[in-house]
Amino acid sequence: MTMQYWLVKSEPEAYAWSDLLGDRKTDWTGVRNYQARIHLNAMRKGDRVLFYESVTTKAVVGVAEVTKTAFPDKTADEPGWVAVELKPIAPLSRPVTLTQIKAEPALAGIPLLRQSRLSVMPLEPAAFKRIVALGG
DNA sequence: GCCAACGTTGGC
DNA sequence: GCCAACGTTGGC
């Protein structure tokens, strides 16, 4: 399968991009939403993942990579929830803010804008590349 | 199966 | 701090 593109959200107070840089890799645990879980299960090794910091930062701040496909989330009380492993590839030179994303006609349809509460979402290759370009 | 109540997320 | 959006829960 060709490479797929994703975006994950995190409140930086809970887990920031800087934490991922410090950890070198992390288990992306804590997802408790069925739609987000479908996306986690669809991730493949090598897929690219934009890291969006919500609430305080409100910007895409880095690019990560899927290093392990879905496995049981040890932090879950009930079976069925899954995590993946992510590692950082590179920060964006300039964070791409939510304001910038909203201002881009080519990005008008992305789930980040349409489904504000979804924490794991797919991105079309063009949308992913556009955001990375804005951050370069 | 419907829907009101409630809890959480996340932008402003 | 407020509130809109929206997912979940539980009574009927």
Side-chain angles (χ1 to χ4, degrees):
Chain A
M1 185 182 283
T2 58
M3 186 181 293
Q4 303 174 109
Y5 299 94
W6 309 93
L7 183 148
V8 298
K9 296 200 295 199
S10 183
E11 297 191 28
E13 278 72 23
Y15 194 84
W17 170 256
S18 59
D19 294 319
L20 182 58
L21 287 178
D23 292 344
R24 305 291 299 278
K25 62 179 180 171
T26 198
D27 290 349
W28 202 255
T29 55
V31 172
R32 301 290 183 269
N33 170 281
Y34 292 109
Q35 201 178 350
R37 185 172 80 183
I38 290 169
H39 300 319
L40 284 180
N41 277 314
M43 288 185 179
R44 295 292 170 260
K45 207 172 165 183
D47 285 358
R48 295 295 194 255
V49 182
L50 292 180
F51 193 110
Y52 177 85
E53 290 185 349
S54 65
V55 183
T56 48
T57 314
K58 285 177 283 182
V60 176
V61 293
V63 182
E65 177 182 347
V66 177
T67 46
K68 281 185 192 164
T69 55
F71 53 88
D73 181 347
K74 296 190 298 291
T75 72
D77 296 330
E78 297 170 352
W81 298 111
V82 298
V84 296
E85 184 187 81
L86 300 179
K87 75 167 185 188
I89 295 179
L92 298 181
S93 321
R94 288 171 282 123
V96 178
T97 66
L98 183 61
T99 306
Q100 280 179 282
I101 291 169
K102 284 181 173 175
E104 277 289 312
L107 299 175
I110 68 171
L112 183 69
L113 302 182
R114 296 204 329 272
Q115 293 171 261
S116 65
R117 296 183 57 189
L118 187 61
S119 64
V120 181
M121 64 194 75
L123 285 178
E124 296 297 324
F128 177 93
K129 287 165 187 168
R130 185 76 197 115
I131 292 171
V132 170
L134 287 169

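Letters A, B, ... mirror the listed sequences (proteins, then strands); counts begin at 1. Excluded from the calculations below are hydrogen atoms, water molecules and symmetry mates; all remaining heavy atoms, backbone and side chain alike, are included. Owing to the predicted nature of the structure, the values given are computational and were not obtained by experimental measurement.
Rounded to whole Å, atom P of B/dT9 lies 17 Å from atom CG of A/Leu7. Rounded to an integer number of Å, the gap from CG of A/Asn33 to C1' of B/dT9 is 11 Å. Protein atom CD of A/Gln115 is 16 Å distant from nucleotide atom C1' of C/dA4, rounded to whole Å. One interatomic measurement links the two molecules: CG of A/Leu113 to P of C/dA5, which rounds to 15 Å at whole-angstrom precision. Between the P atom of B/dG10 and the CD atom of A/Glu13 lies a distance of 12 Å, rounded to the nearest Å. Distance, A/Glu78 CD to C/dT8 C1': 12 Å, rounded to whole Å. What separates CG of A/Leu118 from P of C/dA4 is a distance of 22 Å, to the nearest Å. What separates NZ of A/Lys9 from C1' of B/dT8 is a distance of 12 Å, to the nearest Å.
At the phosphate of B/dC12, OP1 or OP2 sits under 4.0 Å from a side-chain N or O atom of A/Lys102. Put simply, A/Tyr52 has a side-chain N or O that comes within less than 4.0 Å of OP1 or OP2 on B/dG11.
In this structure a side-chain-to-backbone donor-acceptor pair under 3.5 Å is missing from A/Asp47 to A/Met43.
A/Tyr34 has its ring centre less than 6.0 Å from the ring centre of A/Trp81.
Between A/Phe51 and A/Tyr15, the two ring planes are tilted [angle within 30° to 60°].
With respect to A/Lys74 and A/Asp27, a salt bridge is recorded, a charged nitrogen being found less than 4.0 Å from a carboxylate O.
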